[in-house]
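Have a look at the structure below before the remarks.
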Amino acid sequence: MANLKYGNYLQLEKIVSAQSLESEKRGKIAHDEMLFIITHQVYELWFKQILFELDSIIEIFASDVLDDKKIGAANSRLERIVTIQRVLVHQVDVIETMTPLDFMEFRDLLVPASGFQSLQFKKIEIGLGLKKHARIPADQDFFRTRLNDAEREELEDAESKPSLLERLEIWLTRIPFLEFGNFDFWSEYRSAALRMFSKEKQIIESNSDLSEHEKGFQVAALDGTSRAFEELLDKNDPQRFESAGHFRMNQRAVLAALFINLYRDEPILFLPFRLLTNLVEIDELWTTWRQRHAIMVQRMLGTRIGTGGSSGHDYLKKTTERNRIFSDFFNLSSYLIPRSELPELPDSIRRQLGFYFGV
Ligand code: HEM
C-alpha cells in the first residue's frame, strides 16, 4: 500500500495513548506510575508473541507424522521463546529503578487489580502444560475469586485444549526406539546401572572421611535411587511406575526421552535432543522470572500483602517452587549413567539411528 506509514502500520496512536495514570485522575501525578504501566504493557506484548509461537508449536505436534523439518521449525520457535524469556528476566531491572517509597505514592490506587489477573500469563502456563489441579491451593482459589466469569471461561477453554506437554507425551510415546527386536536394551541398561551403583557403594564404604552414620545415610540414598531406576526400567510393570509417582508423563514417553538423552550423539537424535533441551530451558527461565519477580516484590513490599490480596512474597515463592511444567525432563538426570557405561548398540540399530525418521 503506497500510503502505508510507520505510525499507521504499528497503530502507534493507540499504543502511546494507552497509559492512563490513576494518580493523575486523582489530581496528583505519581511520577513512577508511568514506568509501572509501560513496563507491564511491554511484558504483555511479549506474552502475546510467546503465545503466538506456542500455539504454532502445539499445532506442529498435532500432526501424526513429524519429520525433521517440522521438528526443526518447532525448535527455532522454542528458541525464540527462550530468547524473549531472557529479555523478560532482565526487564525486572527496569522496574527496580523505582524505589519502594515511590511505589507507595500510587500502590493503594491499584487495589484490587493484580498481576494475577494477567490472562496471557496464565494462558502461557496452561499452553505449556500447567493444569489447574497442579497449581498451589491459593492459586487455584484465585481462579474462583479474582477472575470474572468471562475470564474464567476463557482460561477453562484454554485448559480444555491439548497442551504442549500432552502433545509431546503422545509424540514420545510413539517413538519407535523402544523396540529393539531380540536386543533387550532396557535390561542391558539396568545391568549397567546396577554395576554403577555397586561401584558407588564401594566408594562410600571405603571413604575413611565418613562416619558410620554418614555412610548409612549415603547408602540409603543410593538404594533409593536404585529403586527408582527399577521402577522406571521395569517395562512389564507399568503399575509400579505409576504408583511411584515420580513423573507426570507415562512410562513409555519417559523411557523415550531418556533414550534421546543417552544417545543424543546419534544423528537421528540431534533434533529431538535439542527439543528436550529447549523445554528444560523454557521451564528454567520461567522459574527464574518468577524468582526475580518474587525477590523484587519482597524489595517493594517486604511482608505486606499484594494488591490482589495474596500473601505477596510468600505466595510468589510457593508458585515458584510448585508451578513447574517440564519437571519430568529435569528428573531424567537422576536416571543417566556415564557414556562409558552405556550398552553398545547392535549394528542394525546403529544403522537405523543414522537415518532420517518421521513419527
Ligand atoms: C512494583 C512492581 C510489582 C509488584 C510490587 C508486584 C507484586 C505482585 C504481587 C504481590 C503478586 C501476587 C498476587 C497479588 O497478591 O497481587 C503479583 C503477581 C503477579 N505479578 Fe507482579 N508485581 C510487580 C510487577 C510486575 C510486573 C512488571 C509484571 C509483568 C507482567 C508482573 C506480573 C505478575 C504476574 C504474572 C503475577 C501472577 C503470578 C502468579 O500467580 O504466579 N508483576 N505481583
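Counting starts at 1 for both ligands and their atoms, following the listed order.
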Proximity of M296 to ligand 1 by residue part, where a heavy atom lies under 4.0 Å: side chain

Same hydrophobic cluster for V82 and F273, using side-chain heavy-atom links shorter than 4.5 Å among ILVMFWY? yes

Top protein contact for atom 32 (C) of ligand 1, by heavy-atom distance: W289 CH2, 3.6 Å

Does F330 have its ring centroid less than 6.0 Å away from the ring centroid of F326? no

Report the name of the N/O/S atom of H293 located nearest to atom 21 (Fe) of ligand 1. NE2

With a cut-off of 4.0 Å, which atoms of ligand 1 are near a heavy atom of R290? 41 (O)

Could you see which bit of M98 sits under 4.0 Å from ligand 1, with heavy atoms only: side chain, backbone, both or neither? side chain

F229 and L194, any side-chain heavy atoms less than 4.5 Å apart: no

Note: ligand 1 atoms sitting under 4.0 Å from heavy atoms of S114 are 13 (C), 14 (C), 16 (O)

Just to be sure I read this right, does ligand 1 sit under 4.0 Å from the backbone of F121, its side chain, both, or neither, counting only heavy atoms? side chain

A side-chain contact here means heavy atoms from C-beta on lying under 4.5 Å apart; do M98 and M300 qualify? yes

Note, M196 side chain near K199 side chain (heavy atom, < 4.5 Å): no

Side chain or backbone of F103 under 4.0 Å from ligand 1, or both, or neither, by non-hydrogen atoms? side chain

Lys/Arg N to Asp/Glu carboxylate O, E321 vs K318, below 4.0 Å: no

If you take the centroid of each ring, where Trp contributes its six-membered ring, are F247 and Y335 closer together than 6.0 Å? yes

Polar proximity ligand 1 side, D139 side, N/O cut 3.5 Å exclusive: no

Give me the residue, atom name and distance of the protein heavy atom closest to atom 7 (C) of ligand 1. V297 CG2, 3.4 Å

What residue and heavy atom of the protein are closest to atom 10 (C) of ligand 1, and at what distance? G306 CA, 3.4 Å

Looking at E200 and R195, does any basic side-chain N land under 4.0 Å from a carboxylate oxygen? no

Non-hydrogen atom of F36 closer than 4.0 Å to ligand 1: yes

Tell me which protein heavy atom sits closest to atom 9 (C) of ligand 1, plus the residue, atom name and distance to 0.1 Å. L316 CD1, 3.9 Å

Protein residue, atom and distance nearest to atom 26 (C) of ligand 1, heavy-atom basis: H40 NE2, 3.1 Å

So if I count the atoms of ligand 1 from 1 in the order they appear, which ones are less than 4.0 Å from some heavy atom of G309? 15 (O)

With a 4.0 Å heavy-atom cut-off (strictly under), which part of K122 contacts ligand 1: side chain, backbone, both or neither? side chain

Beyond-backbone contact of L147 with L119, side-chain heavy atoms, under 4.5 angstrom: yes

Is the backbone N or O of F270 less than 3.5 Å from a side-chain atom of R264, with the two atoms forming a donor-acceptor pair by type? no

Quick check: F106 with F103 (ring centres under 6.0 Å apart)? yes

Should the pair E205-K201 be classified as a salt bridge under the 4.0 Å nitrogen-to-oxygen rule? no

Distance under 4.0 Å to a non-hydrogen atom of T319: what atoms of ligand 1 satisfy this? 41 (O)

What atoms of ligand 1 come closer than 4.0 angstrom to any heavy atom of G308? 14 (C), 15 (O), 16 (O)

Between S118 and G115 (side chain of the first, backbone of the second, donor and acceptor by atom type, cut-off under 3.5 Å), is there such a pair? no

Check whether any N or O atom of S310, backbone or side chain, sits under 3.5 Å from an N or O atom of ligand 1, and answer yes or no. yes

Y315-ligand 1 polar pair, N/O distance under 3.5 Å: yes

Do me a favour and list the nearest non-hydrogen protein atom to atom 34 (C) of ligand 1 with residue, atom name and distance? G115 O, 3.4 Å

